[in-house]
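Worth saying up front: this structure is predicted, and the values here are computed from it rather than measured.
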Amino acid sequence: MNLFVRRVTLPAITPLVLQKRVIKVFNEDGSSRALEVPSDIVARDVCQLFLMRNHCVNEGVWTIAEHLSNIGIERIVEDHESIIQVQSSWPMDEDCKLYFRKNYTKYEFFKNPSFFPENMVSSNNETNGFLSHQQLIQDFLSSRTCPEIHGHLHVREQGKKSWKKYYFILRRSGLYFSTKGTSKEPRHLQFIAELNESNVYILLSGRKMYGAPTNFGFCIKCNKSADARDLRLLCADDEQSRMCWVTVVRLFKYGLQLYQNYKTPPQWSGNLASGNSSPMRSISENSLVAMDFSGRKGRVIENPSEALSVAAEEGLAWRRRSCHRMNTHGGSTASQTSAPCQAVHRMQMWFHHRISRDEAQKAIEQQGLVDGLFLVRDSQSNVKSFVLSLCHYQKIRHFQIVPLEEDGELYYSLDEGHTKFTDLIQLVEFYELNKGALPCKLRYHCTRSTL
(Lines give C-alpha, C1' and ligand atoms only; values in the text may rest on other atoms or scores of the structure.)
Protein backbone atom coordinates (compact mmCIF):
# COMPACT_ATOMS: atom_id res chain seq x y z
CA MET A 1 0.00 0.00 0.00
CA ASN A 2 1.39 3.36 -1.06
CA LEU A 3 1.03 6.37 1.23
CA PHE A 4 1.22 9.88 -0.12
CA VAL A 5 2.04 12.72 2.24
CA ARG A 6 0.79 16.16 1.27
CA ARG A 7 2.09 19.32 2.95
CA VAL A 8 -0.63 21.83 3.65
CA THR A 9 0.27 25.39 4.68
CA LEU A 10 -2.28 26.80 7.08
CA PRO A 11 -2.77 30.57 7.37
CA ALA A 12 -1.12 32.15 10.36
CA ILE A 13 -3.47 32.66 13.27
CA THR A 14 -3.19 36.02 14.97
CA PRO A 15 -3.61 35.84 18.74
CA LEU A 16 -6.85 37.41 19.89
CA VAL A 17 -5.11 40.13 21.93
CA LEU A 18 -3.14 41.26 18.85
CA GLN A 19 -6.12 41.49 16.51
CA LYS A 20 -7.08 44.99 15.45
CA ARG A 21 -10.52 46.49 15.95
CA VAL A 22 -12.02 49.77 14.79
CA ILE A 23 -13.60 52.10 17.32
CA LYS A 24 -15.28 55.45 16.73
CA VAL A 25 -14.97 58.25 19.29
CA PHE A 26 -17.02 61.44 19.23
CA ASN A 27 -16.40 65.00 20.32
CA GLU A 28 -18.92 67.43 21.86
CA ASP A 29 -19.28 69.33 18.57
CA GLY A 30 -20.45 66.18 16.77
CA SER A 31 -17.16 65.45 15.04
CA SER A 32 -15.75 61.94 15.30
CA ARG A 33 -12.64 59.94 14.60
CA ALA A 34 -12.27 56.26 13.78
CA LEU A 35 -9.26 54.42 15.17
CA GLU A 36 -7.78 50.99 14.55
CA VAL A 37 -6.74 49.68 17.95
CA PRO A 38 -5.72 46.37 19.58
CA SER A 39 -8.61 44.27 20.85
CA ASP A 40 -7.34 44.52 24.42
CA ILE A 41 -7.16 48.32 24.53
CA VAL A 42 -8.50 49.99 27.68
CA ALA A 43 -10.04 53.43 28.19
CA ARG A 44 -6.81 54.91 29.60
CA ASP A 45 -4.93 54.03 26.40
CA VAL A 46 -7.59 55.60 24.17
CA CYS A 47 -7.40 58.85 26.16
CA GLN A 48 -3.61 58.80 25.99
CA LEU A 49 -3.74 58.26 22.24
CA PHE A 50 -5.82 61.40 21.67
CA LEU A 51 -3.73 63.42 24.10
CA MET A 52 -0.48 62.50 22.38
CA ARG A 53 -1.84 63.22 18.92
CA ASN A 54 -3.00 66.65 20.07
CA HIS A 55 0.13 67.40 22.16
CA CYS A 56 -1.96 67.82 25.33
CA VAL A 57 -0.94 67.27 28.92
CA ASN A 58 -2.61 64.38 30.74
CA GLU A 59 -4.09 65.95 33.86
CA GLY A 60 -5.76 62.72 35.01
CA VAL A 61 -9.23 64.05 34.21
CA TRP A 62 -9.64 63.02 30.57
CA THR A 63 -12.23 60.28 30.19
CA ILE A 64 -14.10 58.13 27.74
CA ALA A 65 -17.84 58.42 28.35
CA GLU A 66 -20.33 55.74 27.32
CA HIS A 67 -23.41 57.48 25.91
CA LEU A 68 -26.61 55.47 25.30
CA SER A 69 -28.91 58.03 23.68
CA ASN A 70 -31.79 55.61 23.06
CA ILE A 71 -32.41 55.26 26.80
CA GLY A 72 -30.91 58.63 27.78
CA ILE A 73 -28.08 57.56 30.11
CA GLU A 74 -24.32 58.10 30.34
CA ARG A 75 -21.39 57.02 32.51
CA ILE A 76 -17.62 57.28 32.89
CA VAL A 77 -15.78 54.29 31.42
CA GLU A 78 -13.17 53.43 34.04
CA ASP A 79 -9.51 53.61 33.00
CA HIS A 80 -8.98 49.85 33.28
CA GLU A 81 -12.13 48.84 31.36
CA SER A 82 -11.86 47.23 27.93
CA ILE A 83 -13.34 49.48 25.24
CA ILE A 84 -14.12 46.49 23.01
CA GLN A 85 -16.08 44.80 25.81
CA VAL A 86 -18.05 47.99 26.40
CA GLN A 87 -18.95 48.15 22.70
CA SER A 88 -19.86 44.47 22.57
CA SER A 89 -22.62 45.05 25.15
CA TRP A 90 -24.43 47.51 22.86
CA PRO A 91 -27.49 46.46 20.82
CA MET A 92 -26.84 46.43 17.08
CA ASP A 93 -29.65 48.81 16.10
CA GLU A 94 -29.29 51.39 18.89
CA ASP A 95 -27.54 54.77 18.90
CA CYS A 96 -24.62 54.23 21.28
CA LYS A 97 -21.46 56.34 21.28
CA LEU A 98 -18.14 56.90 23.01
CA TYR A 99 -17.23 60.50 23.87
CA PHE A 100 -13.80 61.92 24.66
CA ARG A 101 -13.96 64.73 27.23
CA LYS A 102 -12.74 66.04 30.56
CA ASN A 103 -14.53 65.07 33.75
CA TYR A 104 -13.12 66.52 36.96
CA THR A 105 -15.37 64.36 39.17
CA LYS A 106 -13.56 61.24 37.95
CA TYR A 107 -11.17 61.10 40.93
CA GLU A 108 -11.94 64.35 42.76
CA PHE A 109 -13.65 62.41 45.57
CA PHE A 110 -10.25 61.07 46.70
CA LYS A 111 -9.30 64.66 47.61
CA ASN A 112 -12.58 66.43 48.34
CA PRO A 113 -14.62 65.51 51.46
CA SER A 114 -17.73 67.30 50.12
CA PHE A 115 -18.50 64.23 48.00
CA PHE A 116 -19.58 62.41 51.17
CA PRO A 117 -22.05 64.44 53.30
CA GLU A 118 -21.86 63.46 56.96
CA ASN A 119 -25.61 62.88 57.20
CA MET A 120 -25.42 60.22 54.45
CA VAL A 121 -22.40 58.17 55.56
CA SER A 122 -21.98 55.73 58.43
CA SER A 123 -19.25 53.22 59.26
CA ASN A 124 -18.47 50.73 62.00
CA ASN A 125 -15.04 52.40 62.36
CA GLU A 126 -16.45 55.72 63.58
CA THR A 127 -14.87 57.05 66.77
CA ASN A 128 -16.93 59.50 68.83
CA GLY A 129 -19.27 59.86 65.89
CA PHE A 130 -16.51 61.27 63.66
CA LEU A 131 -14.76 59.73 60.67
CA SER A 132 -12.09 61.65 58.76
CA HIS A 133 -12.12 61.77 54.98
CA GLN A 134 -8.96 59.66 54.74
CA GLN A 135 -10.40 57.00 57.06
CA LEU A 136 -13.64 56.97 55.10
CA ILE A 137 -11.83 56.39 51.81
CA GLN A 138 -9.86 53.53 53.39
CA ASP A 139 -13.11 51.98 54.60
CA PHE A 140 -14.62 52.12 51.13
CA LEU A 141 -11.52 50.54 49.59
CA SER A 142 -11.16 47.78 52.19
CA SER A 143 -13.35 44.71 51.77
CA ARG A 144 -13.11 43.99 55.53
CA THR A 145 -15.13 47.06 56.56
CA CYS A 146 -18.82 47.75 56.13
CA PRO A 147 -19.49 51.44 55.47
CA GLU A 148 -22.86 52.35 54.05
CA ILE A 149 -24.71 55.24 52.41
CA HIS A 150 -28.26 56.00 53.43
CA GLY A 151 -30.88 58.60 52.57
CA HIS A 152 -34.16 59.21 50.79
CA LEU A 153 -34.45 58.61 47.06
CA HIS A 154 -37.28 58.63 44.56
CA VAL A 155 -37.64 55.32 42.72
CA ARG A 156 -39.73 54.50 39.68
CA GLU A 157 -41.85 51.40 40.19
CA GLN A 158 -41.14 48.54 37.80
CA GLY A 159 -43.60 48.49 34.88
CA LYS A 160 -45.22 51.78 35.98
CA LYS A 161 -44.74 55.47 35.33
CA SER A 162 -45.20 56.57 38.94
CA TRP A 163 -42.38 57.43 41.35
CA LYS A 164 -42.30 56.81 45.11
CA LYS A 165 -39.95 58.03 47.81
CA TYR A 166 -38.25 55.51 50.11
CA TYR A 167 -35.36 55.37 52.54
CA PHE A 168 -32.43 53.64 50.76
CA ILE A 169 -29.31 51.91 52.08
CA LEU A 170 -26.29 51.17 49.89
CA ARG A 171 -23.96 48.39 51.08
CA ARG A 172 -21.34 46.18 49.49
CA SER A 173 -23.97 43.49 49.04
CA GLY A 174 -26.23 45.78 47.03
CA LEU A 175 -28.88 48.50 47.15
CA TYR A 176 -31.86 48.18 49.49
CA PHE A 177 -34.86 50.25 50.50
CA SER A 178 -36.81 50.17 53.74
CA THR A 179 -40.46 49.21 53.70
CA LYS A 180 -40.96 50.83 57.11
CA GLY A 181 -39.77 54.41 57.39
CA THR A 182 -36.03 54.63 58.09
CA SER A 183 -35.73 51.20 59.70
CA LYS A 184 -32.59 49.22 58.86
CA GLU A 185 -33.77 45.95 60.36
CA PRO A 186 -33.27 43.03 57.94
CA ARG A 187 -36.99 42.18 57.90
CA HIS A 188 -37.79 45.70 56.66
CA LEU A 189 -35.12 45.86 53.94
CA GLN A 190 -36.00 44.91 50.38
CA PHE A 191 -33.25 44.17 47.87
CA ILE A 192 -33.43 46.24 44.68
CA ALA A 193 -30.09 45.88 42.79
CA GLU A 194 -26.68 44.23 43.02
CA LEU A 195 -23.47 45.95 41.95
CA ASN A 196 -21.01 43.33 40.68
CA GLU A 197 -22.71 42.77 37.32
CA SER A 198 -24.14 46.28 36.98
CA ASN A 199 -22.99 49.84 36.30
CA VAL A 200 -24.26 53.19 37.51
CA TYR A 201 -25.34 55.79 34.94
CA ILE A 202 -26.50 59.41 35.01
CA LEU A 203 -29.93 60.19 33.55
CA LEU A 204 -29.51 62.83 30.84
CA SER A 205 -33.20 63.72 30.36
CA GLY A 206 -34.88 62.14 33.36
CA ARG A 207 -37.87 64.48 33.48
CA LYS A 208 -38.61 64.23 29.76
CA MET A 209 -37.99 60.52 29.18
CA TYR A 210 -39.04 59.00 32.51
CA GLY A 211 -41.09 61.67 34.28
CA ALA A 212 -38.51 62.00 37.08
CA PRO A 213 -39.49 64.39 39.91
CA THR A 214 -36.09 66.21 39.84
CA ASN A 215 -33.16 66.76 37.48
CA PHE A 216 -30.81 64.65 39.60
CA GLY A 217 -31.58 61.19 38.28
CA PHE A 218 -29.35 58.13 37.99
CA CYS A 219 -29.88 54.43 37.41
CA ILE A 220 -28.44 50.97 37.98
CA LYS A 221 -28.17 49.05 34.71
CA CYS A 222 -27.41 45.33 34.45
CA ASN A 223 -24.58 44.68 31.99
CA LYS A 224 -26.51 41.85 30.31
CA SER A 225 -29.58 43.94 29.50
CA ALA A 226 -30.05 46.97 27.24
CA ASP A 227 -33.80 47.28 27.75
CA ALA A 228 -35.02 50.47 29.42
CA ARG A 229 -37.63 48.40 31.28
CA ASP A 230 -34.85 46.66 33.22
CA LEU A 231 -33.28 49.89 34.49
CA ARG A 232 -33.50 50.67 38.19
CA LEU A 233 -34.40 54.35 37.91
CA LEU A 234 -33.60 56.51 40.93
CA CYS A 235 -33.71 60.22 41.64
CA ALA A 236 -32.04 62.37 44.32
CA ASP A 237 -33.17 65.74 45.66
CA ASP A 238 -29.93 67.59 44.85
CA GLU A 239 -26.68 67.23 42.93
CA GLN A 240 -24.50 66.62 46.00
CA SER A 241 -26.49 63.61 47.17
CA ARG A 242 -26.69 62.18 43.63
CA MET A 243 -22.92 62.50 43.28
CA CYS A 244 -22.48 60.71 46.62
CA TRP A 245 -24.65 57.74 45.56
CA VAL A 246 -22.95 57.44 42.15
CA THR A 247 -19.43 57.72 43.61
CA VAL A 248 -19.98 55.10 46.31
CA VAL A 249 -21.44 52.64 43.78
CA ARG A 250 -18.19 53.01 41.81
CA LEU A 251 -16.11 52.52 44.98
CA PHE A 252 -18.03 49.42 46.07
CA LYS A 253 -17.85 47.91 42.57
CA TYR A 254 -14.16 48.51 41.80
CA GLY A 255 -12.56 49.12 45.22
CA LEU A 256 -8.76 49.22 45.15
CA GLN A 257 -8.73 49.11 41.34
CA LEU A 258 -10.22 52.60 41.29
CA TYR A 259 -7.53 53.90 43.65
CA GLN A 260 -4.81 52.28 41.54
CA ASN A 261 -6.22 53.99 38.45
CA TYR A 262 -6.03 57.30 40.31
CA LYS A 263 -2.47 56.80 41.54
CA THR A 264 -0.96 55.12 38.49
CA PRO A 265 0.75 57.67 36.23
CA PRO A 266 -0.29 57.51 32.56
CA GLN A 267 1.85 55.09 30.60
CA TRP A 268 2.04 54.61 26.88
CA SER A 269 0.96 51.08 25.94
CA GLY A 270 3.49 49.08 23.96
CA ASN A 271 0.83 47.92 21.49
CA LEU A 272 -0.06 51.51 20.67
CA ALA A 273 3.50 52.77 20.70
CA SER A 274 4.32 50.48 17.79
CA GLY A 275 1.57 52.06 15.69
CA ASN A 276 1.53 55.24 13.66
CA SER A 277 0.98 57.58 16.56
CA SER A 278 3.13 60.68 16.80
CA PRO A 279 5.29 61.31 19.87
CA MET A 280 4.24 63.80 22.51
CA ARG A 281 7.16 66.12 21.79
CA SER A 282 9.78 66.18 19.06
CA ILE A 283 13.51 65.80 19.70
CA SER A 284 14.06 69.51 19.05
CA GLU A 285 11.38 70.44 21.61
CA ASN A 286 12.96 68.20 24.25
CA SER A 287 16.33 69.89 23.71
CA LEU A 288 14.99 73.37 24.57
CA VAL A 289 16.10 74.97 27.84
CA ALA A 290 15.06 78.13 29.70
CA MET A 291 17.53 81.01 29.30
CA ASP A 292 18.05 84.35 31.05
CA PHE A 293 19.49 87.16 28.91
CA SER A 294 18.98 90.00 31.39
CA GLY A 295 22.73 90.31 32.12
CA ARG A 296 25.79 90.66 29.93
CA LYS A 297 25.96 86.93 29.41
CA GLY A 298 23.11 84.49 28.93
CA ARG A 299 22.67 81.74 31.50
CA VAL A 300 20.67 78.51 31.66
CA ILE A 301 17.87 78.56 34.25
CA GLU A 302 18.10 75.20 35.98
CA ASN A 303 15.52 75.83 38.72
CA PRO A 304 12.06 74.82 37.36
CA SER A 305 10.26 77.25 39.69
CA GLU A 306 12.42 80.14 38.51
CA ALA A 307 11.82 79.17 34.88
CA LEU A 308 8.04 79.24 35.37
CA SER A 309 8.27 82.60 37.14
CA VAL A 310 10.37 84.11 34.35
CA ALA A 311 7.97 82.76 31.71
CA ALA A 312 4.99 84.33 33.51
CA GLU A 313 6.77 87.70 33.83
CA GLU A 314 7.81 87.62 30.17
CA GLY A 315 4.23 86.87 29.10
CA LEU A 316 2.88 89.80 31.12
CA ALA A 317 5.60 92.12 29.77
CA TRP A 318 4.80 91.02 26.22
CA ARG A 319 1.13 91.90 26.69
CA ARG A 320 2.06 95.33 28.04
CA ARG A 321 4.44 95.98 25.12
CA SER A 322 1.73 94.92 22.66
CA CYS A 323 -0.76 97.31 24.25
CA HIS A 324 1.83 100.11 24.23
CA ARG A 325 2.64 99.58 20.53
CA MET A 326 -1.06 99.69 19.69
CA ASN A 327 -1.49 102.82 21.78
CA THR A 328 1.34 104.75 20.09
CA HIS A 329 0.28 103.74 16.57
CA GLY A 330 -2.43 106.11 15.39
CA GLY A 331 -3.74 107.66 18.61
CA SER A 332 -4.33 106.96 22.27
CA THR A 333 -7.83 105.60 22.83
CA ALA A 334 -9.14 102.93 25.17
CA SER A 335 -10.61 100.95 22.30
CA GLN A 336 -7.24 100.85 20.52
CA THR A 337 -5.45 99.85 23.72
CA SER A 338 -7.84 96.95 24.31
CA ALA A 339 -7.57 95.50 20.82
CA PRO A 340 -4.41 93.38 21.30
CA CYS A 341 -5.57 92.32 24.76
CA GLN A 342 -8.79 90.98 23.31
CA ALA A 343 -6.84 89.15 20.62
CA VAL A 344 -4.69 87.51 23.30
CA HIS A 345 -7.47 86.25 25.60
CA ARG A 346 -9.47 84.82 22.69
CA MET A 347 -6.71 82.27 22.21
CA GLN A 348 -6.99 80.96 25.78
CA MET A 349 -8.42 77.51 26.43
CA TRP A 350 -10.85 78.85 29.04
CA PHE A 351 -12.42 81.39 26.66
CA HIS A 352 -15.54 80.08 24.89
CA HIS A 353 -16.48 83.10 22.77
CA ARG A 354 -20.19 83.69 22.08
CA ILE A 355 -21.87 80.77 23.78
CA SER A 356 -25.14 81.25 25.65
CA ARG A 357 -25.75 80.92 29.38
CA ASP A 358 -27.38 77.50 28.89
CA GLU A 359 -24.51 76.29 26.71
CA ALA A 360 -22.01 77.42 29.37
CA GLN A 361 -23.89 75.51 32.07
CA LYS A 362 -24.03 72.38 29.91
CA ALA A 363 -20.29 72.56 29.18
CA ILE A 364 -19.45 72.82 32.89
CA GLU A 365 -21.91 70.08 33.86
CA GLN A 366 -20.38 67.69 31.31
CA GLN A 367 -16.90 68.23 32.76
CA GLY A 368 -18.03 67.68 36.35
CA LEU A 369 -19.54 69.97 38.97
CA VAL A 370 -16.45 70.51 41.11
CA ASP A 371 -15.49 73.67 42.97
CA GLY A 372 -13.44 76.10 40.87
CA LEU A 373 -14.33 74.79 37.39
CA PHE A 374 -14.85 77.85 35.19
CA LEU A 375 -14.99 79.39 31.74
CA VAL A 376 -15.14 82.94 30.35
CA ARG A 377 -17.50 83.93 27.54
CA ASP A 378 -18.86 86.97 25.73
CA SER A 379 -21.83 88.63 27.41
CA GLN A 380 -25.11 88.37 25.51
CA SER A 381 -26.73 91.32 27.28
CA ASN A 382 -23.77 93.74 26.96
CA VAL A 383 -21.68 93.64 23.81
CA LYS A 384 -18.52 95.05 25.44
CA SER A 385 -18.70 92.90 28.59
CA PHE A 386 -17.78 89.32 29.44
CA VAL A 387 -19.13 86.71 31.84
CA LEU A 388 -17.24 84.37 34.20
CA SER A 389 -19.20 81.14 34.72
CA LEU A 390 -18.00 79.36 37.88
CA CYS A 391 -19.00 76.16 39.70
CA HIS A 392 -19.23 76.20 43.49
CA TYR A 393 -20.96 73.60 45.67
CA GLN A 394 -22.43 71.83 42.61
CA LYS A 395 -24.08 75.06 41.45
CA ILE A 396 -23.05 77.29 38.55
CA ARG A 397 -22.90 81.03 39.11
CA HIS A 398 -22.32 83.77 36.54
CA PHE A 399 -20.32 86.96 37.21
CA GLN A 400 -20.35 89.97 34.89
CA ILE A 401 -16.93 91.31 33.83
CA VAL A 402 -17.38 94.94 32.83
CA PRO A 403 -14.94 97.27 31.03
CA LEU A 404 -13.95 100.46 32.86
CA GLU A 405 -12.17 103.46 31.35
CA GLU A 406 -9.83 105.48 33.55
CA ASP A 407 -7.42 108.19 32.33
CA GLY A 408 -7.79 106.96 28.79
CA GLU A 409 -6.92 103.38 29.72
CA LEU A 410 -9.32 100.43 29.56
CA TYR A 411 -9.57 98.00 32.49
CA TYR A 412 -11.73 94.99 33.38
CA SER A 413 -13.39 94.30 36.73
CA LEU A 414 -16.01 91.97 38.21
CA ASP A 415 -16.31 93.72 41.60
CA GLU A 416 -17.50 97.17 40.48
CA GLY A 417 -14.01 98.54 40.00
CA HIS A 418 -12.50 97.65 43.38
CA THR A 419 -9.99 95.38 41.59
CA LYS A 420 -9.02 96.33 38.01
CA PHE A 421 -7.04 94.41 35.39
CA THR A 422 -5.54 95.41 32.06
CA ASP A 423 -6.82 92.25 30.33
CA LEU A 424 -8.79 89.07 30.98
CA ILE A 425 -5.67 86.92 31.26
CA GLN A 426 -4.45 89.03 34.17
CA LEU A 427 -7.92 88.81 35.75
CA VAL A 428 -8.00 85.01 35.52
CA GLU A 429 -4.44 84.67 36.85
CA PHE A 430 -5.33 86.86 39.85
CA TYR A 431 -8.43 84.86 40.79
CA GLU A 432 -6.54 81.59 40.40
CA LEU A 433 -4.43 82.76 43.36
CA ASN A 434 -6.99 84.85 45.27
CA LYS A 435 -10.65 84.27 45.99
CA GLY A 436 -11.43 87.97 46.12
CA ALA A 437 -15.10 88.68 45.41
CA LEU A 438 -15.69 85.12 44.16
CA PRO A 439 -17.02 82.24 46.30
CA CYS A 440 -13.87 80.21 45.58
CA LYS A 441 -10.62 80.36 43.62
CA LEU A 442 -10.49 79.48 39.94
CA ARG A 443 -9.03 75.96 39.82
CA TYR A 444 -9.90 74.18 36.57
CA HIS A 445 -10.36 75.41 33.01
CA CYS A 446 -13.48 74.17 31.26
CA THR A 447 -11.92 73.52 27.87
CA ARG A 448 -13.14 72.14 24.58
CA SER A 449 -11.67 68.74 23.71
CA THR A 450 -10.30 67.98 20.25
CA LEU A 451 -9.88 64.79 18.28
Side-chain angles (χ1 to χ4, degrees), residues 13-27 32-53 58 60-71 73-103 105-107 141 143 193-202 219-227 230-231 246-247 249-277 449 451:
I13 300 177
T14 305
L16 186 61
V17 295
L18 299 180
Q19 292 179 6
K20 297 288 186 178
R21 302 289 183 90
V22 176
I23 63 172
K24 193 173 186 180
V25 183
F26 288 81
N27 202 353
S32 63
R33 187 163 185 171
L35 300 172
E36 187 181 44
V37 297
S39 60
D40 62 339
I41 192 169
V42 295
R44 177 193 291 267
D45 288 339
V46 176
C47 289
Q48 189 72 359
L49 177 61
F50 283 123
L51 291 173
M52 293 186 72
R53 289 188 173 184
N58 193 337
V61 296
W62 291 96
T63 64
I64 298 297
E66 181 188 9
H67 181 92
L68 309 181
S69 58
N70 58 308
I71 51 179
I73 61 176
E74 185 177 274
R75 76 175 179 100
I76 294 174
V77 179
E78 305 297 348
D79 283 342
H80 66 278
E81 284 191 81
S82 167
I83 292 295
I84 303 303
Q85 288 184 7
V86 171
Q87 284 190 327
S88 65
S89 66
W90 296 347
M92 295 294 294
D93 55 344
E94 300 294 350
D95 185 18
C96 305
K97 298 177 181 177
L98 295 173
Y99 279 91
F100 173 66
R101 67 164 75 109
K102 280 185 176 182
N103 192 322
T105 62
K106 184 177 180 180
Y107 299 126
L141 298 177
S143 59
E194 62 87 32
L195 307 180
N196 292 332
E197 298 298 327
S198 304
N199 281 305
V200 60
Y201 290 77
I202 297 294
C219 72
I220 306 294
K221 174 184 170 294
C222 180
N223 297 338
K224 298 179 180 179
S225 175
D227 195 336
D230 296 329
L231 298 178
V246 172
T247 301
V249 169
R250 292 174 60 204
L251 282 167
F252 278 161
K253 179 176 172 63
Y254 297 109
L256 281 173
Q257 179 65 62
L258 212 59
Y259 186 73
Q260 291 171 0
N261 293 347
Y262 165 61
K263 284 296 186 180
T264 303
Q267 297 178 352
W268 190 234
S269 171
N271 293 336
L272 294 176
S274 60
N276 297 323
S277 58
S449 59
L451 297 177

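- Within 6.0 Å of the CD atom in Gln85, the count of heavy atoms belonging to other residues, nucleotides or ligands does not exceed 12.
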Dump the intermediate steps for side chain to side chain contact (heavy atoms under 4.5 Å, CB included) on Arg250 and Glu78, then the final yes or no.
CA-CA 9 Å; Arg250 292 174 60 204; Glu78 305 297 348; 2.8 Å; yes
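- What you find for Leu68 and Cys96 is that their closest heavy atoms are CD2-SG, 3.5 Å.
- In summary, Glu74 and Arg101 engage in a salt bridge, as defined by a charged side-chain N under 4.0 Å from a carboxylate O.
- Atom CZ of Phe252 sits about 11.5 Å away from atom CG of Asn196, to the nearest 0.5 Å.
- For the pair Tyr99/Asn27, no side-chain contact is recorded, criterion being any heavy-atom separation below 4.5 Å from C-beta on.
- Between Glu66 and Arg75, at least one side-chain N (NZ, or NE/NH1/NH2) sits under 4.0 Å from a carboxylate O, which counts as a salt bridge.
- Lys106 contributes atom NZ, which lies 7.5 Å from atom CG of Asn261 (distance to the nearest 0.5 angstrom).
- Distance CD1/Ile220 to CG/Asn199: 8.5 Å, rounded to 0.5 Å.
- Residues Asp40 and Ser82 form no side-chain contact, since every pair of their non-hydrogen atoms from C-beta on lies 4.5 Å or further apart.
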Side chain to side chain contact (heavy atoms under 4.5 Å, CB included) between Arg53 and Arg33, worked out
CA-CA 12 Å; Arg53 289 188 173 184; Arg33 187 163 185 171; 3.2 Å; yes
Step by step, would you call Lys221 with Ile73 a side chain to side chain contact (heavy atoms under 4.5 Å, CB included)?
CA-CA 10 Å; Lys221 174 184 170 294; Ile73 61 176; 3.8 Å; yes
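- The two atoms that bring Val77 and Ile83 nearest to each other are CG1-CD1, 4.2 Å, heavy atoms only.
- Here the CG atom belonging to Asn103 is positioned 5.0 Å from the OG1 atom belonging to Thr63, to the nearest 0.5 angstrom.
- Using a 4.5 Å heavy-atom threshold, the side chains of Arg44 and Gln48 count as separate.
- Trp90 has its side chain within reach of Leu98: a pair of non-hydrogen atoms, C-beta onward, lies under 4.5 Å apart.
- Separating the CD1 atom in Ile76 from the OH atom in Tyr201 is a distance of 12.0 Å, to the nearest 0.5 Å.
- No side-chain heavy atom of Val249 sits under 4.5 Å from any side-chain heavy atom of Thr247.
- Residues Ser69 and Asp95 have side chains in contact (heavy-atom distance under 4.5 Å, counting atoms from C-beta outward).
- For the pair Leu231 and Ile71, the tightest heavy-atom approach, listed with the atom from each and the gap, is CD1-CD1, 4.3 Å.
- Shortest non-hydrogen contact noted between Lys24 and Gln87 is N-NE2, 4.2 Å.
- The two residues Ile64 and Cys47 have their closest heavy-atom pair at CG1-SG, 3.7 Å.
- In this structure, the side chain of Glu194 engages the main chain of Glu197 through a donor-acceptor pair within 3.5 Å.
- Glu81 places a side-chain heavy atom less than 4.5 Å from the side chain of Val86.
- Between the CG atom of Asp79 and the CG atom of Asp45 there is a distance of 9.5 Å, given to the nearest 0.5 Å.
- Side-chain rings of His80 and Tyr254 approach one another, their centers coming within less than 6.0 Å.
- Taking every heavy atom of both residues into account, Ala34 and Val22 meet most closely at CB-CG1, 4.3 Å.
- In this structure, Phe100 and Phe50 have tilted ring planes: the angle between them lies in the 30° to 60° band.
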